Amino acid sequence: MERRIAGIIYILITFALVNEMSINVQARDNNKRRSKEKTGGFQKNICDITDRDSKVHCYCENTREPRNATKAECWVFNGGIPRDDLIWQSFASQPTLQTLSFNVRVEGALGYVPTKALYYLQRLRSINIKYGNIIDVTPFAFANLTNLKEAGLSQNQIETLQQYAFAHLPNITTINLEDNMIIDIDTEAFYDVPKLQKLVFTKNNISTIRNGTFQHTFNLLELDLNKNNIYHLNRRTFDGLANLRKLDLRRNRIHNLTEFTFAELWNLQELLLGKNDLKYISERAFDGLSQLKKLSLDDNKLAALPSGLFEGVRGLSSLDLRSNELHALTFDNIKPILDNLKPLNSNLLLEENNFACDCNLKWMHALRNETKSQNTKDSLDTVTCKMDPPIVSSAYNKMPEPDTVEYNHDILHAGLTIETLNDKNVTEKKTGDFKELVEANDVTAKKGVKRTVLKIRPETLPCPKTTVKSTEPPYVIDSVIPIQNEMKTFRFHERNSCGLLSFNLALRIACFVFFFT
Ligand SMILES: *[C@@H]1O[C@H](CO)[C@@H](O)[C@H](O)[C@H]1NC(C)=O
Ligand SMILES: *[C@@H]1O[C@H](CO)[C@@H](O)[C@H](O)[C@H]1NC(C)=O
Ligand SMILES: *[C@@H]1O[C@H](CO)[C@@H](O)[C@H](O)[C@H]1NC(C)=O
Ligand SMILES: *[C@@H]1O[C@H](CO)[C@@H](O)[C@H](O)[C@H]1NC(C)=O
Ligand SMILES: *[C@@H]1O[C@H](CO)[C@@H](O)[C@H](O)[C@H]1NC(C)=O
Ligand SMILES: *[C@@H]1O[C@H](CO)[C@@H](O)[C@H](O)[C@H]1NC(C)=O
Ligand SMILES: *[C@@H]1O[C@H](CO)[C@@H](O)[C@H](O)[C@H]1NC(C)=O
Ligand SMILES: *[C@@H]1O[C@H](CO)[C@@H](O)[C@H](O)[C@H]1NC(C)=O
C-alpha cells in the first residue's frame, strides 16, 4: 500500500518536473524570439495563471484580459525564486498596472525586491511587499520608475539600505520601511527623490544615523524614527531637512541633546522625544527651531532644564514634560512661551515629576487662572510637589537602577565628597545618618508629604533663602556639564550659597547634607 502511494508520488513529481522543464524550454524559445521587443518575453498573463504549481499567483481587479489590469495582488507561495526567474518577466503582460502588492505566504519565499518585474510596469504608482525576507535593498531596486508614488516594504527583514536603494524616483512621495531590522542606511540610499515627503522607519534597529543621511531628501515633511535604538544625535545628523515639519524620535535611547542638534530644521513644527533616556539638554539644543509648536519630552529622566532652553522656540504652544524627575520648573524656564500656553488649543502637561514645593512654582497658579486650555488646567490641577527636600529621596530612588549606576555613583559621592571636606571622622558618622535620613524621608513621603501644588496658597510657598533675580544668568553654568565638575565649582562656595542653587541636583544633596550637619 505504502509502496504504491510512494510510486504514485514519484510519478507525479517526475511529471511535474518534465512539465516544468518543457515550460522553461518553451519560455527560452519565446524569449529568444521576442528579445528585441522591450516589453515582450512573457509567457503567461500574470493575472490569469492557471498552473497550480506556480510560485506566484496574482488576483487582478476588474479584468483578466492582458494589458488591461490596473491593480494586482500577488501571493508568493514558494521560495527560491531566482531574481531573473521568468515569472518576473510575465509581469510584462500587464503593463498598465498602477497598484501592485506582494503578500509573502511562505517564510523566506521572497528575499529581494523583484526589480525584474517592476521594470515592465512603467505606470506603476504603488508597490507594497509584506512579510518577505528582504535583507538588503540593492541599488536601483525600484527600476527608476518615473510614476512610482509609494513604496512599502514593511514587515520584511531589511538590515541594510545600500547606496541608491531608492534612487531616480522622480514622483515618489512616501516610503514605508516600518518593522524591519534596519541597522545601516547608506548616506546615498535616498538619491534623486525630489518629491519624497514621508519616510517611515518605525520599529527598526537604527542606533546611529550617519552625517548627511538625509542630505538628498530636502523636501521631506515627515520623518518617523520611532522605536529604534538611536542614542546619539549631532548637529549634522539632520543635514538637509530644511522643510521637515514633523520629526518623531520617541522610544529611542537618546540620553543627551547637545547644542544645535536641530539647527537645520528651521521649518519643524513638531518634535517628539518622549520615552527616551534624556538626562541632559543643552541650553541651545533647540536653537533654530523657530517654527516649533509642539514638543514632547515625556517619560525621560530630566531633573532640571537650563533656564534659557525655550528662548529659541518662542512659538511653542504644546509642551509635554510628564513623567520626568523635574524638581523645579522655574518662571525663567517657562517665561519665553508662557503667553502661548493660554489659548484654547495649547497644552502644558506636567504630571509625574518631583517638584519641590517652593515659590518657583508660583506661576502655575497664575497660568491656571489665565489659560483657556482644558488640558493644561487639568494637568496643573494634579501637579504635585514635595515639602521636604525632595532630591534626596529621588537620588535614593535611583540607586538600584543598574543602567544608571554611573550617574548614581556621582550623586552618592557628591554628598560624601562634601562631607569629607569638613572632617574625616565626622564624615564617617554622618554617612550613616545620611542614609537614615533618606529612609526617614521616604517614609514620611509615603505618609503624604506630597502636596497638590494648586492647593497650596501661592503666598505660602516658601522661597529659597536667596532667590536669583530673573534677569541674572543661572548660577550653575550649564546643566549639561557633568556632575563632577559641578562639585568642583561648589567647593569654592560658602554654605549659605545653597539657596541660590535651587535646581542643581548634586548641589541640593550637598546642601541638604550641610543643613543636617
Ligand atoms: C479594459 O478596461 C476598461 C475599463 O478599465 C474597459 O472599459 C475595457 O473594455 C477593457 N478592455 C478589454 C479589452 O478588456
Ligand atoms: C537607473 O538609472 C541609473 C542612472 O541613470 C542607471 O545607472 C541604472 O542602471 C538604472 N537602473 C535601472 C534598473 O533602470
Ligand atoms: C510624475 O507623475 C506625473 C503624473 O503621474 C507625470 O505626468 C510626470 O511626468 C511624472 N514626473 C516625472 C518626472 O516623470
Ligand atoms: C540590533 O543591532 C545590534 C547591532 O547594532 C545587534 O547586536 C542586535 O542583535 C540587533 N537586534 C536585532 C533585533 O536585530
Ligand atoms: C558628524 O558630524 C559631527 C558634528 O559636526 C562631527 O563631530 C562628527 O565627527 C561627524 N562624524 C563623521 C563620521 O564625520
Ligand atoms: C485668579 O483670578 C482671580 C480673578 O479672576 C484673581 O482675583 C486672582 O488673584 C487670580 N489668582 C492668581 C494667582 O493670579
Ligand atoms: C580622626 O580619626 C583618627 C583615627 O581614625 C584620629 O587619629 C584623629 O585624631 C581623628 N580626628 C579628629 C578631629 O577627631
Ligand atoms: C553626551 O553623551 C556623550 C556620550 O555619552 C558624551 O560623550 C558627551 O560628553 C555628552 N555630552 C554632554 C554635553 O554631556
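If you're wondering where the values come from, they're calculated on a predicted model, not measured in any experiment. Just follow the structure's listing: the first ligand is 1, and inside any ligand the first atom is 1. Below, all heavy atoms of this structure are taken into account, side chains as well, without hydrogens, waters or symmetry copies.
Side-chain contact of Thr202 with Asp224: a donor-acceptor pair under 3.5 Å is present, judged by distance alone. Looking only at atom types and distance, the side chain of Asn205 has a donor-acceptor partner in the side chain of Asn229 under 3.5 Å away. There is a side-chain donor-acceptor pair under 3.5 Å between Gln94 and Asn45.
Proximity of the aromatic rings of Trp88 and Tyr120 is defined here by a centroid distance below 6.0 angstrom, and this criterion is not met. A centroid separation of 6.0 Å or more is found between the aromatic rings of Phe190 and Phe214.
Nearest protein neighbour of atom 2 (O) of ligand 5, counting heavy atoms only, is Asn211 ND2, 2.4 Å. With respect to atom 10 (C) of ligand 2, the closest heavy atom belonging to the protein is Asn144 ND2, 2.5 Å. Atom 3 (C) of ligand 3 has Asn171 ND2, 3.5 Å as its closest protein atom, hydrogens excluded (heavy atom only). Of the protein's non-hydrogen atoms, Phe140 CD1, 4.5 Å is the one closest to atom 9 (O) of ligand 2.
When distances from atom 14 (O) of ligand 2 to the protein are checked, a heavy atom turns up under 4.0 Å.
The closest approach between a heavy atom of Arg125 and any atom of ligand 3 is below 4.0 Å.
In summary, the atoms of ligand 2 found under 4.0 Å from a heavy atom of Ala143, numbered by their order in the structure, are 13 (C). For ligand 2, the atoms lying closer than 4.0 Å to a non-hydrogen atom of His168 are 2 (O), 3 (C), 4 (C). Annotation for ligand 5: atoms under 4.0 Å from non-hydrogen atoms of Arg236 are 2 (O), 4 (C), 5 (O).
At least one N/O-N/O distance between Asn147 and ligand 3 falls below 3.5 Å.
Between Arg235 and Glu259, at least one side-chain N (NZ, or NE/NH1/NH2) sits under 4.0 Å from a carboxylate O, which counts as a salt bridge.
With 2.5 angstrom as the limit on SG-SG distance, Cys58 and Cys74 come in below it.
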